[in-house]
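Heads up: the structure comes next, in structure tokens.
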Amino acid sequence: MKDNPKIFYLFIFILALAVNFAGINVHFFTDDPGLYASIAKNLIYKKEFFELFTYNRDWLDKPHFPFWMVFFSFKLFGISEWAYRLPALLFFVMSLVYTWLFTKKFYGWETAAMAVLILATALNTILGNTDLRAEPYLMGLIIGSIYHIAGLQQRFKFKHLLLAALFTAFAIMTKGIFVITAIYGAFLGQLILQKKFKTIFQLKWLLLFVLTFIFTLPEFYALYSQFDLHPEKVVFGRQHVSGIRWFLWDSQFGRFVNTGPINRKTSGSIFFYGHTLLWAFAPWCLLFYYAVFEKSKSLYKKRMLPEYYAISGGLLLLLLFSLSRFQLPFYTNAIFPLFAVVTAPVCLGTLSKFGTKFRLIVQWIVIILLPVAIIVLNKLLMPEDIFYIITEILLFGIIAALIVIKVTAPHKKVFLLSCTSALFAGLYVNTVFYNEIVPYKGQIAAAEYVNQSQFSSFHLYALNAENNLYQFYCKNPVDILPIEQFDRFKPADSSVFYVNQLSMDYLIQNHARFKVIRIFMDYPKENIPPVFINRNTRYKVLGRVYLVTK
């Protein structure tokens, strides 16, 4: 076993899978997963497949593919948090498989093993697999598309043509046509840098484009049938909204330049992802930057590289994200497989004297800082049950000791210790941290309260469209009532209204008539500052939410 990295790679891989799946049954904390799960749940309730609704109203914001995957999961396993997360986690596993296949194809098995572990242990990969949106789907679909396009470039095979087109179409139906920036950007970068651009005119690429369009037709049909056929519908506060135009323009270019129906009031910084990746792609970000520098230097000196797909597709989409007004930390998760492919050779290969020292220093910093940060976090959090933290310290302590004793190559030792350190942090977040903070989401407590049998015949309303955790956890459908209509609203049957603190302040200021049924403690935000983490100061940022009736 001594200095046999295969055993350690396999063991850390299995541990990484366990950590990434550990949050599968955690209650939702942020609004987006609650919204997306609610929309998929409405597909079940309405016995609908092509039309998306939230609060029984038409919804136009994201394409359909993730909702269809969750729909099938809910059909098979019932409606729950883990059934919502399961299909996305399977696409995450798909991203690991294709990262392995792609990297092994161009760099060999050991670099491929490292690339898989880099992807599986990146901090925002683990966080994103619990606080889950569309990115795990894209991780698998983008790297899968690029792998099969690379195979198709080398030799025409129907398997590569079919799967490249299918995965690209699924990616488009997950996030929109902008995702082809990474897929086709990787392909074009490979052709240009290999000086084979003229091969773009081969028939197989036309077939790829046509097949991709055909596989995307379900999205066009869904949007056309729900919106274009019904110009009388009010969407974004106006009529005559085209779902197809939204899909092709407003959801992508309109959002990019901040002129679409959904826009942000503040402009983004071009340096946002430069510093966000320091924690989001930890513990590998600095090595990724170093790898980009080395590859750029090789390109400048016209030295041949094993492939150009990963750096072309990854950096091009990262640049577009940076130029966009819409900037959120989880957006880059979709191209983490490409980042892992770029970074892995630096972790294994022979570097310059400076590069070798840099690799060791930055990894030892992370190896030490991450566990220290978790211990400090636990000290502030002060969980009543210390079983998990003690067990995790012992488990990862033993693993780290075995790596130190059994692995002699310094660069492999620090690589495996970096993985171990990151997984320790990830497992703590999924098993301790989330379970400590989720009870402070009043939406969940309110939903569990109205799920009692005495409210089974009540009509449920929310006064704010951002109360999607409440919408998901309620067993009965929830309608939305504009708050300005509350006082003059005359419910036809027994009704319960969910009211957050801002809405309550509005009702009181306008002397609305209502009766409070129950009050729940609530942490109203999604960001988690130290004042909330610290048990002794948490009360300072807690608010209340209410269930009321008329």
Side-chain angles (χ1 to χ4, degrees), residues 17-49 52-56 59 62 64-94 125-137 139-140 174 330 388 426-427 429-453 455-456 458 460 462 466-479 498 520 522 526 545:
L17 282 181
V19 170
N20 278 281
F21 275 76
I24 193 171
N25 211 31
V26 171
H27 282 337
F28 300 141
F29 185 80
T30 56
D31 186 73
D32 280 354
L35 172 62
Y36 301 156
S38 297
I39 292 170
K41 184 175 74 168
N42 287 335
L43 294 177
I44 301 288
Y45 285 167
K46 290 181 173 292
K47 297 180 181 179
E48 179 58 69
F49 188 73
L52 303 182
F53 295 89
T54 179
Y55 298 110
N56 288 318
W59 186 79
K62 297 288 189 297
H64 288 64
F65 184 75
F67 303 108
W68 288 336
M69 295 299 99
V70 178
F71 168 84
F72 291 127
S73 183
F74 283 173
K75 275 283 193 180
L76 287 171
F77 305 112
I79 297 170
S80 65
E81 301 106 334
W82 75 264
Y84 165 75
R85 292 187 176 105
L86 180 62
L89 287 169
L90 294 179
F91 276 87
F92 159 69
V93 173
M94 172 183 167
T125 296
I126 299 171
L127 297 179
N129 283 334
T130 300
D131 185 25
L132 194 147
R133 296 168 175 86
E135 277 59 38
Y137 294 94
M139 289 170 70
T174 297
F330 53 83
Y388 284 110
L427 187 60
V429 170
N430 280 340
T431 58
V432 178
F433 184 71
Y434 277 127
N435 287 325
E436 284 292 317
I437 65 173
V438 163
Y440 294 93
K441 298 306 289 187
Q443 294 186 52
I444 300 175
E448 291 173 347
Y449 187 81
V450 297
N451 285 338
Q452 297 178 92
S453 58
F455 297 103
S456 59
F458 279 56
L460 305 182
E466 294 180 356
N467 298 321
N468 290 300
L469 298 184
Y470 177 73
Q471 181 186 189
F472 173 73
Y473 285 102
C474 284
K475 292 181 180 178
N476 291 332
V478 180
D479 283 317
Y498 174 84
F520 303 91
D522 180 59
E526 294 187 353
V545 296

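Judged by a 6.0 Å distance limit and a 45° cone about the ring axis, Lys46 is positioned over the six-membered ring of Phe53. Cation-pi check for Arg133 over Phe330 is met; the charged atom lies under 6.0 angstrom from the ring centroid and within 45 degrees of its normal.
Contact check for Thr125 versus Phe92: side-chain heavy atoms found under the 4.5 Å cut-off. Looking at Tyr137 and Met69, their side chains come closer than 4.5 Å, going by heavy atoms from C-beta outward. Contact annotation: the side chain of Ile126 never approaches that of Val429 to less than 4.5 Å [non-hydrogen atoms, C-beta and beyond]. Side-chain contact between Glu81 and Tyr473 is present, with at least one heavy-atom pair separated by less than 4.5 Å. Within the 4.5 Å cutoff, the side chain of Leu89 has no heavy atoms near those of the Val93 side chain.
When all heavy atoms are compared, the tightest approach of Arg85 to Ile24 is NH1-O, 2.9 Å. Pairing each heavy atom of Ser73 with each of Ala83, the nearest pair is OG-O, 2.5 Å. For Asn476 against Ser456, the heavy-atom pair with the smallest separation is ND2-O, 3.2 Å. Minimum interatomic distance between Val19 and Asn430 (heavy atoms only, all atoms of both residues): O-ND2, 3.0 Å. Between Asp522 and Gln443, the shortest heavy-atom distance links the atoms OD1-N, 4.2 Å. Looking at every heavy atom in both residues, Ser80 comes nearest to Phe74 through O-CE2, 3.5 Å.
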I'd like to know whether Tyr434 forms a side-chain contact (heavy atoms from CB on, under 4.5 Å) with Leu127, so could you lay out the CA-CA distance, the side-chain angles of the two residues, the decisive distance to 0.1 Å, and finally the verdict. CA-CA 10 Å; Tyr434 277 127; Leu127 297 179; 4.2 Å; yes
Dump the intermediate steps for side-chain contact (heavy atoms from CB on, under 4.5 Å) on Leu52 and Leu43, then the final yes or no. CA-CA 7 Å; Leu52 303 182; Leu43 294 177; 4.0 Å; yes
Mind running side-chain contact (heavy atoms from CB on, under 4.5 Å) on Leu460 and Asp479 for me, showing each step along the way? CA-CA 6 Å; Leu460 305 182; Asp479 283 317; over 6 Å; no
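Taking the six-membered ring for Trp and the full ring otherwise, the centers of Tyr84 and Phe28 sit less than 6.0 Å from each other. Taking the six-membered ring wherever Trp is involved, the centroid distance between the rings of Phe67 and Trp59 falls below 6.0 Å. Aromatic ring centres of Phe49 and Phe71 lie closer together than 6.0 Å.
In this structure, the side chain of Ser38 engages the main chain of Gly34 through a donor-acceptor pair within 3.5 Å. A donor-acceptor pair is defined here as one N or O able to donate and one able to accept, closer than 3.5 Å; no such pair exists between the side chain of Asn129 and the backbone of Phe21. Between the side chain of Glu526 and the main chain of Asp31, a donor-acceptor pair closer than 3.5 Å is present. Proximity of a side-chain donor or acceptor of Asn451 to a complementary backbone N or O of Cys474 within less than 3.5 Å is not detected. Judged purely by atom type and a 3.5 angstrom limit, Gln471 has no side-chain atom pairing as donor or acceptor with the backbone of Val478. For the pair Lys41 (side chain) and Phe472 (backbone), a donor-acceptor distance under 3.5 Å is present.
The environment of Glu466 atom CD is sparse: at most 12 non-hydrogen atoms of other residues, nucleotides or ligands sit within 6.0 angstrom.
If you take OG1 on Thr130 and CZ on Phe29, they are separated by 13.0 Å, rounding to the nearest 0.5 Å. Atom-to-atom distance recorded for Asp32:CG and Leu469:CG is 10.0 Å, nearest 0.5 angstrom. Atom NZ of Lys62 and atom OG1 of Thr174 lie 12.0 Å apart (nearest 0.5 Å).
Exactly one residue among Tyr470, Tyr498, Phe458 makes a side chain to side chain contact (heavy atoms under 4.5 Å, CB included) with Val450. That residue is Tyr470.
Relative ring orientation between Tyr449 and Phe455 is described as tilted, the plane-to-plane angle lying within the 30° to 60° band. Between Phe91 and Phe65, the ring planes are perpendicular. Angles over 60° get that label, and only those under 30° would be called parallel.
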